[in-house]
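Right, one structure below, let's go through it.
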Amino acid sequence: MSDTIDSRLEALGISLPQAAAPAANYVPYVISGNLLYLSGQLPMENGTLAVTGLVGKDVDVKGAERAAELCAINILAQAKAALGDLSRIVRVIKLNGFVASAPGFVEQHLVINGASNLIANVLGDAGKHARAAVGMAALPLNAAVEIDAIMEIAL
Amino acid sequence: MSDTIDSRLEALGISLPQAAAPAANYVPYVISGNLLYLSGQLPMENGTLAVTGLVGKDVDVKGAERAAELCAINILAQAKAALGDLSRIVRVIKLNGFVASAPGFVEQHLVINGASNLIANVLGDAGKHARAAVGMAALPLNAAVEIDAIMEIAL
Amino acid sequence: MSDTIDSRLEALGISLPQAAAPAANYVPYVISGNLLYLSGQLPMENGTLAVTGLVGKDVDVKGAERAAELCAINILAQAKAALGDLSRIVRVIKLNGFVASAPGFVEQHLVINGASNLIANVLGDAGKHARAAVGMAALPLNAAVEIDAIMEIAL
């Protein structure tokens, strides 16, 4: 199963980054029982914020979908740091997708599909999650997208 | 108990719609242990989005409250699809109420009362939930309100 | 442990207010198994909303950080009402920090640090949480900040 996930990541051309360390009095993840709660992840790539601005004005849907993919990659990187091995993910329970939205932009669902598709492509049925996709006035550091997650894990 | 809920629904004039199928690589609900996580529901009625626009500009509080009621009805419809029978709901744990808000609109709590009241009226004490009500820049498909939920269920 | 928390609260000059009663068909908290879900808390102080308006326009980062501290104090007050004793908090799992944000304000993370620092200072390692910090169009009653929480508790 671990081999499968690694080979899918490779086939998708995804290499998980080193998980970012916490920057304050909070942490990237908390495990409680068999639940893994992951902090909101920004579209970081190679250590910098890759997609900034309001979607519908500074960023188009395609660019924002890519931002959502990067958030999902960072979620998987944090999950790997938490679990050692992504095959311990029994089920991705929920994604909350926050899209920094210009007035009148109403395709947050298409943006967050970037993350939903990536997670399902990497994890298979275990990656099929409930979700909410919503439009924000702004996000930290001017990120275009932020996504957090809850997962059920094998102990 | 199931009879009670059905009779309350009838007394309130609510008929639950067919639960909408997932439209992408995510699903309307995930069950993990005795927790049911429901995806964000929009104010769909008879298969179309019934209430659109920004509350405080395009939609008034009354209309938005109705939107929140429709979100709650769709949450119950998804819960019924997940559980077979709403009497398996032990407790509605949390509602997150997202209100598309025009600048200066600050009555998100009154809007989400539409959902809180409906859920409590249908489910009784099991429907008394924690919640957050917040104001969004915009929502998918220009929906006026989106609500997601977590419930404790009987296995 | 209870003594430690009380003495930390005293050292920090924090006295927990009487927890506010629910104002509608929802409740300030729900306990499900060993999880405590707390409703979104506003920056109430002495029974009134202490910090209102959009951060980045009506409120500066310092003022908003103080608002986040007040939200955290109200979270602890509700947790105390729920648990009797804050030493029953095994771990603060997640904070969701909602910051009412003027266009272009992108330091939601600094604002929510006010809550993260307070919770960690009061609860120690048990207070180190996952979190999301996001920017809202507006919040109920024109509050500058709203924060909700999930905690693991000892039964």
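Because the structure is predicted, anything quoted here is derived from the model rather than measured. Chain naming here is simple, since letters A, B, ... match the order of the sequence lines and numbering starts at 1 in each.
Residue with the most contacts toward chain C among Arg131(B), Lys128(B), Gln108(B): Arg131(B) (heavy-atom pairs, distance under 4.5 Å). Between chain C and the residues Gly33(B), Ala133(B), Ala120(B), the most heavy-atom pairs under 4.5 angstrom are made by Ala133(B).
Residue Leu35(C) touches chain B through its side chain alone, counting heavy-atom pairs closer than 4.5 Å. The contact between Asn142(C) and chain B is made by backbone and side chain atoms together, counting heavy-atom distances below 4.5 Å. There is no contact between Asn34(B) and chain C, counting heavy-atom distances below 4.5 Å. Of the two parts of Tyr37(C), the backbone and the side chain both hold a non-hydrogen atom closer than 4.5 Å to a non-hydrogen atom of chain B. Looking at Ile119(B), neither its backbone nor its side chain comes within 4.5 Å of chain C, counting heavy atoms on both sides.
Lys94(B) has a carboxylate O that lies under 4.0 Å from a charged side-chain N of Asp148(C), or vice versa, which qualifies the two as a salt bridge.
Within the model, atoms CD1 of Ile93(B) and CD1 of Ile150(C) stand 9.0 Å from one another, a figure rounded to the nearest 0.5 Å.
Under the 4.5 Å side-chain criterion, counting only non-hydrogen atoms from C-beta, Arg91(B) is in contact with Val30(C). Using a 4.5 Å heavy-atom cutoff, the side chains of Leu139(C) and Val134(B) are in contact. In this structure, Ile112(B) and Tyr26(C) have side chains that are not in contact, with every pair of non-hydrogen atoms separated by 4.5 Å or more.
Counting all heavy atoms, side chain and backbone alike, Ala138(C) lies closest to Phe105(B) at CB-O, 3.2 Å. Nearest heavy atoms, Ser39(C) versus Ala130(B): OG-CA, 3.2 Å. Here the closest non-hydrogen pair linking Ala137(B) and Ala137(C) is N-CB, 3.8 Å.
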Practice task
Show your reasoning for whether side chain to side chain contact (heavy atoms under 4.5 Å, CB included) applies to Asn25(C) and Asn117(B).
Solution key: CA-CA 6 Å; Asn25(C) 254 329; Asn117(B) 292 342; 3.1 Å; yes
Problem - side chain to side chain contact (heavy atoms under 4.5 Å, CB included) between Leu141(C) and His109(B), intermediate numbers included - result: CA-CA 8 Å; Leu141(C) 305 172; His109(B) 53 298; 3.6 Å; yes
